[in-house]
Each structure stands twice: as structure tokens, then as C-alpha cells.
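Note sheet for the following structure.
In what follows, chains are A, B, ... by sequence order, proteins preceding strands, each numbered from 1.
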Number of protein chains: 2
Amino acid sequence: MHDMTGRDGAGGGLRERKKRATRAALTEAAVRLAAEHGADHVTVEAISAAAGVSVRTFFNYFDSRDDAFVVIDADANVRVRQALLDAPAALTPLEALREALAAELSEAERQHELWSLHAEVLRAAPHLLVRTLGAHMADEAGLAEVIAQRIGSGPPGSPAAAPPGAETGAGADADAGEGHGATGLYPRLLAAVAGTAVRVSVQHWCDRQDELAFADVFREVFALLAAGLPAPTR
Amino acid sequence: MHDMTGRDGAGGGLRERKKRATRAALTEAAVRLAAEHGADHVTVEAISAAAGVSVRTFFNYFDSRDDAFVVIDADANVRVRQALLDAPAALTPLEALREALAAELSEAERQHELWSLHAEVLRAAPHLLVRTLGAHMADEAGLAEVIAQRIGSGPPGSPAAAPPGAETGAGADADAGEGHGATGLYPRLLAAVAGTAVRVSVQHWCDRQDELAFADVFREVFALLAAGLPAPTR
DNA sequence: GTGCAAAGATGCATTGTCTGCAAAATCCTC
DNA sequence: GAGGATTTTGCAGACAATGCATCTTTGCAC
């Protein structure tokens, strides 16, 4: 049993694993301390001590103190990209994205406690919430690339590739490959909108957590997007 | 001629005007210095000196040094909200939003030089770009409220309110007023997506500034959204 | 396993960021 | 223009962040 590069992205040698562990320890310590004492009131010294490293080492992993509170799982976007590449070719880009994100989100349920604490911290510190939101957008560029790749290598008229009901086009002269808005408008927009969809779903669900199932909110958001954000009927 | 609260939000007494002026002076000084010397390498002391106030005063206006680089025009979102309230009732929510944002964006052309410098600064400092993106999202809550208000007070079956071709519904059981996803899913999503649309438009236009007119990119983005982000034809 | 090179961790010194607090200056109301 | 409210400012002090030199650990070859 060689262990190999199993799940959880535990690839590489001892060095990489240790780095991963240290980073995880630091973020976890940061979030737990912040949840208990409030995000400010938590010094870098305290975080470092809790994670068992020196203060100087903390700054080898994060550019600033706040960065320790911002991103919980640095590899999540990598997994989403992979999931998107592995998605069945029959799905539309929007559908494929929806599925990839849904898979990752249900994966996040495993670390439910830490995510809850994180949410709590961000609720109490709007300042950090803003930074978190911004950080998530930084991943978009990579996601857009994968989308472009998926579209580019997609079968022009393959058998199962044409989902029923999608007349292709629908009014906008959308161009993906080499049209006039060519390199990247559509992939970029799709990546950005998908990120937005996740964020809005989470926000809305957090507000009324008792009443709604997350999956339902998530599906409704994507349904609204696919329908072109029609004016609601009352 | 009492002057009143004229354009540019120049309302209130001497105090408010001075505060506005000081804040503007600080952000402008910050951006200009950053464009010249690089964002880091610009100390709070330098910014304060350039704006003619003390260091301590700087921190009365901004919570952190970086905040001075993040938001150039703090009133922009207020103007957008007003424009949305003033928009003709015949427009769909998405259309009304498009028009309101387009108006504000062309307004920003007046300060073109400062915006260019700002863009330059952000390009050189990804760190600040992330914060800027996050900050813009903080405005969404207010925008969503106005959208909800607009929808809520909209005429159920007014004469010109029904745009041809929009069958209302299109598959998703979208509810705005009091359905199951009631208070706020749709307005929130719309506000968020609109912000995303602006951002993507700007990004894409910046990349290929020579070839494309911004207005065209902007229109295409909204067309794609209204069409439900259809899979592009090649 | 011994040795070597690369990468990481640590301590220290230094500079800059940011927060109370109290005094002085400025603006608004009457 | 007197009184009250708000803003600006300086100062002291705690904390954040970076560069540099050093020491430890890991990866790799023999």
C-alpha cells in the first residue's frame, strides 16, 4: 500500500504535506480563536502559538494577519476545475458548472463545524467578509480558462451533445471560439456569474436557514439564471 | 438661489462639504502617489502630507492604509440606486438595472484620468484589486433593497409593463413578493449579477481596449444574461 | 548512511500601521 | 457671539510586517 496521491489532495513528499499541515493548522487556529474572542483581539502571536510555529513563520504563509481568516480551503477551486473537466459533455456549460459546484459544496459539509465557525467570524467582522468575497473572485480567472477549454474542445455536432429544448442562440449573438468578442467574454462571464450564484445562495440560505434546504436555493438560483432572470410574476 | 443639494451630491453645510473634500483629497493623493511609486512604498504619512492633513486624521477617514486605494467614488452606488428608482416602469428589472449602470459608467468617464490611474495601481497590486472587488460587493445589499422595492410597487398588469416576447416564467417558479424563496432571493441575485456584469465588462474591455467599445461589451454581457447564458455556437 | 544542495523555520532589529486619549480648533444653533 | 457638538491633531503605546543572517529539515545522489 503505497498510499499514493489519495483523496484530499495529499500528494507529494514530506515537505509538501508538512506545508499543507502547517497552513491548515494556522487557518484553523485563527478561525477558532477568532470565533471565541472576536477577530480583532486575536494577535498573530496567539495564532502562531496555537499552531505551534513562530510568528515569523506565520508571515511565511500569509501576507497579512487577516489573510489567515479569509480562505479556509485553498484547494477547493482546484477540485472544482477538475470536476468541470470531468463533467459529461452532454451538459451545457451552465449545467456542468452547477454540478461541479454542487459537488464541492456538499463536500464542504464534511468540515461543517469549521465552516460554521468561519461564517460566525465573518458575520461579526464585515471587514473580513469583504476580503473573503474578493478573494473568491480571484479564482475566477482559472475557472474561466477551464470553461473556455471545455467549450473549445466540445463536439460541434456530437450525438448526445445537443440537449433537447436548447435551440442554441436564443437571441444574443454569443460567440465563444473566435467571434468578435472572442477570447474570453463568455467563459469569463460564466465563471463570474457562477461564483456569484454560489455566494448569493449561501447568503440567502444563511438568512433563513431554518426554513430552506440549501440544495433547493441553489437549484432555484441556477434556474433563474438559465431563464435569463425574468421579471418575477406576483 | 439657495444652491440647495445640487448635482454631485454637494449638499449640506460647510462641515459636510469639507469632509467630502478631505476624503476626496486623501483618495486622490493616495492613488496618484501609488501610480507613481507603487502602492506599497507609499506611506500613510506621505498621503496625509499630500492631502494637507495629519496622519491621525487619515485614520479618521479610513480604517486601514489600503482602504484609501480601494474606493474612488464612495457615492456612486447612491446615484445608481436613485437612477433605478427613477427608471421608467415599463422596463424589466434587468433592463432598468442595465440603464442605471450604463448612466453611471458614462458619468465616470468625466474623471477618466483618475480612474485610469486607479486601474494602473490595481493592476500592479493584485492584493488591492481583490479588496476593491470585495468592497464593490458590499454595496449589493442596498441595491437589492431598491430592486425589491421597485418590484414590489410595480403594477401587476399595467398597460406598457409587459414587454413583448417575455412570457413571464420561462420554467423557473420564480417568486418575488411572498413566494417560498420570498424575501429577497430574486432581488439579491439580480443585484449581485448586475455587479458581476459590470466587473466582467470592465475587465474584458481593459484587456482589449484597442479593439472594442465599452458600450458594446456592456450590451453584449447583458444580452447574454437575458438569454440565460446559452451555450455558445461555434 | 554520508554528504550536499535546496527549502523551510526561526530570531532579531527595524520600520510602518493603527488605536485610545485628551487638548485645541472649527463649525452650527440660537 | 455664547454654548454645544464635531473634527482635527499630537502623543504614547501595542501590534503588524519585512529584511537579513542563521540554523534545521528534507530531498537526492552516491
Side-chain angles (χ1 to χ4, degrees), chain A residues 2-5 10-27 29-31 33-34 37-71 74 121 124-128 130-131, chain B residues 2-5 10-27 29-30 33-34 37-71 74 124-128 130-131:
Chain A
H2 274 164
D3 179 15
M4 295 297 264
T5 68
L14 215 185
R15 240 176 212 171
E16 304 224 355
R17 251 178 297 151
K18 269 202 169 182
K19 278 186 75 169
R20 251 187 255 273
T22 301
R23 171 177 284 266
L26 282 170
T27 58
V31 169
L33 287 172
H37 304 114
D40 29 319
H41 301 174
V42 176
T43 67
V44 173
E45 191 174 355
I47 299 171
S48 307
V53 297
S54 73
V55 171
R56 191 59 184 81
T57 295
F58 175 96
F59 285 105
N60 285 341
Y61 282 87
F62 302 98
D63 284 342
S64 80
R65 168 186 162 280
D66 288 354
D67 284 349
F69 303 111
V70 164
V71 174
V121 171
H127 165 253
L128 292 176
V130 168
R131 294 196 56 156
Chain B
H2 272 163
D3 178 16
M4 295 298 264
T5 68
L14 215 185
R15 242 175 210 169
E16 302 223 358
R17 251 177 297 151
K18 268 201 167 183
K19 277 187 77 168
R20 250 187 254 274
T22 301
R23 171 176 283 266
L26 283 170
T27 59
L33 286 172
H37 304 113
D40 29 318
H41 301 175
V42 176
T43 67
V44 173
E45 190 174 356
I47 299 172
S48 307
V53 297
S54 73
V55 171
R56 190 60 184 81
T57 295
F58 175 96
F59 286 106
N60 285 341
Y61 282 87
F62 301 98
D63 284 342
S64 80
R65 183 193 80 109
D66 288 354
D67 284 350
F69 303 111
V70 164
V71 174
H127 165 252
L128 292 176
V130 168
R131 295 197 55 158

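- The distance between atom CD1 of Ile47(B) and atom P of dC18(C), rounded to the nearest whole Å, is 10 Å.
- Look at Tyr61(B) and you'll find a side-chain N or O under 4.0 angstrom from OP1 or OP2 of dT8(D).
- Considering CZ of Phe58(A) and CZ of Arg23(A), their distance stands at 10.0 Å, rounded to 0.5 Å.
- Of all nucleotides listed (dC11(D), dT7(D), dT26(D)), dC11(D) comes nearest to the side chain of Arg56(B).
- Side chain of Lys19(A), nearest nucleotide from dG8(C), dA9(C), dA17(D): dG8(C).
- Map Thr43(B) and Lys18(B) each onto its nearest nucleotide of DNA chain C; the residue landing nearer the 5' end is Thr43(B).
- The side chain of Phe59(B) sits closest to dC18(C) out of dG10(D), dA16(D), dC18(C).
- Rounding to whole angstrom units, CZ of residue Phe62(B) and P of dG16(C) are separated by 20 Å.
- The distance between atom NE2 of His41(A) and atom C1' of dT19(C), rounded to the nearest whole Å, is 11 Å.
- Where Phe58(A) and Val44(B) meet DNA chain C, the nucleotide closest to each residue was compared, and Phe58(A) sits on the side nearer the 5' end.
- Thr27(A) contributes atom OG1, which lies 5.5 Å from atom CZ of Phe62(A) (distance to the nearest 0.5 angstrom).
- Going from atom CG of Asp40(A) over to atom P of dA14(D) covers 18 Å, rounded to whole Å.
- Remark: side-chain polar atoms of Arg131(B) are not paired, donor with acceptor, to backbone N or O of Val130(A) under 3.5 angstrom.
- At a cut-off of 3.5 angstrom, the base of dC28(C) holds no donor-acceptor pair with the side chain of Arg15(B).
- Atom CG of residue Asp40(B) and atom NE2 of residue His127(B) lie 9.0 Å apart, to the nearest 0.5 angstrom.
- Using a 4.0 Å heavy-atom distance criterion, Asp63(A) is classed as a sugar-phosphate-only contact.
- The interatomic distance linking Arg23(B) (CZ) with dT8(D) (P) rounds to 11 Å, in whole Å.
- Note: CD (Glu16(A)) to P (dC28(D)) measures 11 Å, nearest angstrom.
- Residue Leu33(B) contributes atom CG, which lies 16 Å from atom C1' of dG16(C) at whole-angstrom precision.
- Across all their heavy atoms, Ser48(A) and Leu26(A) have their closest contact at CA-CD2, 4.3 Å.
- Among the heavy atoms of the strands lying under 4.0 Å from Val53(A) are primed sugar atoms or P, OP1, OP2 only; no base atom is included.
- Straight-line distance from the CG atom of Asn60(A) to the P atom of dT25(D): 16 Å, rounded to whole Å.
- In this model, the phosphate group of dT9(D) is approached by a side-chain N or O of Ser54(B) to a distance below 4.0 Å at OP1 or OP2.
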